[in-house]
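Written below as structure tokens is the structure these notes are about.
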Amino acid sequence: MNIFQIFSDIEKIDGDATERLSFYSRRYFLRKGTKAATAAALPLALASVTQEAFAQSTEVQEVLNFALTLEYLEDEFYKKALSSSLSFGGDRSVFEQISKHEDAHVKLLKSALGSAAVAKPSMFKFEEVFPGVFSDYQTFLIVSQAFEDTGVRAYKGQAPKLYKQAVLTTALQIHAVEARHAAEVRRIREGRVWITKNEPDGAPAAVYAGEENVVQKVDVTKLGPGFSDIVVSEAFDEPLTKEQVLAIVSPLIVM
Amino acid sequence: MNQLSTGSAASGGSNKGTSAVGRRTFLRFAGLSSISALTLTTLACEDHKPIVYDPNFIDLGFGDVGIMNLSYAQEQLEVAFYSTVIESPAFNQLSAEEKALFVDLRDRERTHLELFRYLLGDKAIPMLTPNFDNIKIGSREEILKTGHTFEDLGVAALNGAGRFVTDMELLNLSGKIVSVEARHAALLRDLLHPRSNMPGSFAGDDIITPDTGLDRALYPQQVVVLAQPYIKERITAERIPVQ
């Protein structure tokens with residue numbers, strides 16, 4: 001089974017039983033959500049994302065499940081790394097902080113989706129695809145940077161599908177955290193936080209495809225002195241489509 | 001008048017030279033066709049233009065224009081902050097690497113500023129006058145702390161404004177910028193707190209809610225309240241709808 005299957009499966013379920021499923025899920029979640037909110041004093045954002053997710057279209061569920069799949073991948077990656085014998089130099093706590101956020105993102109998206117949430121993949125092939133990733137720190141850093149930057153670009157690509165909805169705020173709030181993670185890993189690797197043009201920087205080239213863009217309705221390099229293609233490409237992060245992201249992560253995932 | 005500097009020669013807004021006026025007119029003209037797509041819905045409203053009630057009171061404008069002007073105001077603040085820091089005596093407390101990074105930060109924010117100025121055309125608010133009396137840039141620590149406070153606010157503002165944007169291109173553009181602001185915030189936090197002391201500060205529990213892993217999101221009106229102390233003119237985001 002490949003990752004594309006998730007989405008067609010959800011479509012099938014929704015096609016057959018959208019009304020029943022969403023009605024049941026919404027009631028179930030609201031009941032559960034209220035209790036959870038009281039118990040843990042969760043912020044309002046959580047309540048809004050959960051309520052709206054179930055008042056929503058299949059398209060929103062697809063976006064959230066796509067995001068959840070990426071979060072499963074990142075979450076598992078850091079948990080595996082932290083429980084491996086990998087030596088993090090002095091930076092173990094950095095990755096504990098990142099891991100804490102990825103774990104929280106998985107829980108948030110799962111609770112938002114309720115029964116519509118995709119299952120966690122049965123296996124991840126980190127070591128098969130990136131040999132030495134849990135024994136060589138530099139390799140680990142490259143893969144971490146690739147995952148975080150891919151995450152940033154993936155959320156950015158999905159934002160338009162959440163147009164005008166409360167859940168867009170939540171997606172943007174996650175998106176910014178992924179960008180902070182990417183910046184920190186880049187700091188550890190080479191000191192600079194920006195994506196420079198489409199330089200692979202050790203990662204698979206597909207991760208940075210299109211990042212060299214300097215046209216934001218207008219060629220920004222023309223708007224001021226010193227606005228080189230390097231400066232401008234670094235000043236704007238570019239989105240990836242779902243298909244581009246899946247092409248990057250599918251080899252790592254066994255459903 | 002001490003207008004916000006955009007750094008070096010890029011300050012078209014305060015440049016009164018004839019050729020500069022020509023360039024600005026051209027940019028404005030060129031921008032007209034592009035802005036029309038951005039503000040199709042707001043153009044139908046009579047009150048889409050920023051209204052300057054008096055020299056010390058600036059209305060950011062209606063809807064998407066208001067949201068863009070709020071971003072433009074923040075970019076002005078950030079560029080002015082970096083430019084001020086780079087010329088301040090305390091800048092010498094920074095290492096060579098840190099100094100170079102500050103120039104990089106200023107230059108990247110300048111591209112955001114000039115792009116917003118271009119896209120807004122004649123709907124752009126004027127260049128604002130910074131009020132940095134209240135900020136602390138007397139030491140390396142204060143510089144880094146103030147810097148990440150501005151960048152954290154920039155992230156929260158774009159996160160919060162996203163769902164009120166009606167133009168898809170503006171939504172995409174905001175997304176491309178907000179993650180770069182987040183990178184900047186993480187960088188300054190990382191410089192401020194040595195990793196051995198405070199290893200998670202780039203995305204610390206003070207800014208990222210630990211149990212949800214979410215960055216902040218603020219309403220435009222909240223952002224104005226937080227940014228106002230650093231701007232001499234009074235600004236208002238009243239006409240940015242928030243539902």
Side-chain angles (χ1 to χ4, degrees), chain A residues 40 42-43 45-46 90-94 96-98 100-105 108 152 155-156 159-160 162-166 168-170 172-184 186-188 191-194 216-218 220 223-227 231-232 234-239, chain B residues 6 8-10 12 27 30-31 34 38 97 101 104 107-112 114-115 117-119 155 158-160 162-166 168-169 171-173 175-187 189-190 195-196 199-200 202-204 208-217:
Chain A
L42 293 175
L46 178 57
D91 301 325
R92 186 181 176 85
S93 316
V94 166
E96 287 171 349
Q97 184 76 356
I98 293 177
K100 182 171 80 179
H101 295 153
E102 308 301 2
D103 178 75
H105 294 163
L108 183 73
V152 172
Y155 274 96
K156 210 186 307 296
L162 305 176
Y163 179 71
K164 283 206 168 184
Q165 305 187 59
L168 170 62
T169 309
T170 312
L172 288 171
Q173 288 174 286
I174 297 176
H175 168 248
V177 173
E178 304 291 337
R180 286 175 189 262
H181 293 173
E184 181 73 355
R186 284 171 169 275
R187 281 285 303 153
I188 294 172
R192 288 173 58 79
V193 295
W194 300 279
Q216 311 296 343
K217 235 178 153 68
V218 58
V220 182
L223 293 184
F227 289 12
V231 170
V232 175
E234 290 185 351
F236 298 89
D237 285 344
E238 298 295 323
Chain B
T6 56
S8 70
L27 288 180
S34 59
L38 274 175
E97 186 215 4
L101 286 170
D104 285 347
D107 289 349
R108 276 132 199 85
E109 300 297 0
R110 273 179 53 209
T111 69
H112 297 167
E114 292 300 334
L115 179 61
R117 191 213 299 273
Y118 172 84
L119 293 176
V155 173
L158 288 162
N159 282 347
R163 66 175 288 210
F164 307 117
V165 170
T166 58
M168 200 64 96
E169 284 183 272
L171 181 59
N172 282 326
L173 179 62
K176 292 177 182 205
I177 291 175
V178 65
S179 53
V180 174
E181 305 290 339
R183 290 176 194 272
H184 293 177
L187 165 61
R189 285 167 161 268
D190 184 69
R195 258 171 250 143
S196 51
F202 64 97
I208 309 302
T209 311
D211 56 359
T212 57
L214 296 179
D215 210 319
R216 289 189 308 169

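To find a chain, count down the sequence lines: A is the first, B the second, and so on, and within it residues start at 1.
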* In Å and rounded to the nearest 0.5 Å, what is the CG to CG distance from A:L172 to B:L171? -> 7.0 Å
* Leading residue by heavy atom contact count with chain B [cutoff under 4.5 Å; candidates A:R187, A:E96, A:H105, A:R92] -> A:R187
* Asked: A:V231 versus chain B, heavy atoms under 4.5 Å apart: side chain, backbone, both or neither?
  -> both
* To do: Please tell me if the side chains of A:Y163 and B:T166 come closer than 4.5 Å, counting only heavy atoms from C-beta onward.
  => yes
* For the student: nearest non-hydrogen atoms of B:G213 and A:A104, plus distance -> N-CB, 3.6 Å
* Measuring heavy-atom distances to chain A, does B:R216 have an atom under 4.5 Å in its side chain, in its backbone, in both, or in neither? -> backbone
* Asked: Nearest heavy-atom pair of B:V155 and A:A176: which atoms, and what distance?
  -> CG1-CB, 3.6 Å
* Structure fact -> Taken to the nearest 0.5 Å, the spacing of A:F227 CZ from B:E114 CD works out to 5.0 Å
* **Option passing side chain to side chain contact (heavy atoms under 4.5 Å, CB included) with B:D215 (candidates A:H101, A:H175, A:E178, A:R180)** => A:R180
* Structure fact -> Shortest non-hydrogen pair, B:L115 vs A:L223, comes out as CA-CD1, 3.7 Å
* To do: State, yes or no, whether a side-chain contact exists between B:D190 and A:V193 at a heavy-atom distance under 4.5 Å.
  => no
* Structure fact -> Nearest heavy-atom contact between B:H112 and A:A235 is NE2-O, 2.6 Å
* **Main-chain N/O of A:F236 paired with B:K176 side-chain donor or acceptor, under 3.5 Å** => no
* Taking all heavy atoms of A:L108 and all of B:T212, pick out the closest pair and write down the distance. => CD2-O, 4.0 Å
* Residue, of A:V152, A:V232, A:V218, that accumulates the most heavy atom pairs under 4.5 Å with chain B -> A:V218
* Asked: Rounded to the nearest 0.5 Å, how far does CZ of B:F164 lie from OG1 of A:T169?
  -> 6.5 Å
* Asked: Would you call A:I188 and B:R195 a side-chain contact if the rule is heavy atoms closer than 4.5 Å?
  -> yes
* **Side chain / backbone / both / neither for B:S179 at chain A, heavy atoms under 4.5 Å** => both
* Structure fact -> dist B:I208:CD1 -> A:K100:NZ (nearest 0.5 Å) comes out at 10.0 Å
* Structure fact -> To the nearest 0.5 Å, atom CG of B:D104 lies from atom CZ of A:R192 at 4.5 Å
* By a 4.5 Å heavy-atom criterion (distance strictly below it), what part of A:P160 contacts chain B: side chain, backbone, both, or neither? -> both
* Structure fact -> Tightest non-hydrogen contact, residues A:A183 and B:A186, listed as CB-CB, 3.8 Å
* **Distance, nearest 0.5 Å, that separates OG1 of B:T209 from CD of A:Q173** => 7.5 Å
* To do: Measure from the side-chain N and O atoms of A:Q97 to the backbone N and O of B:P199, and report whether any donor-acceptor pair falls under 3.5 Å.
  => no
* **Contacting moiety of B:E97, where chain A heavy atoms sit under 4.5 Å** => side chain
* Where on B:N159 is there a heavy atom nearer than 4.5 Å to chain A: the side chain, the backbone, both, or neither? -> both
* Find out whether B:F202 and A:V94 are in side-chain contact, i.e. whether some heavy atom of one side chain is under 4.5 Å from a heavy atom of the other. => yes
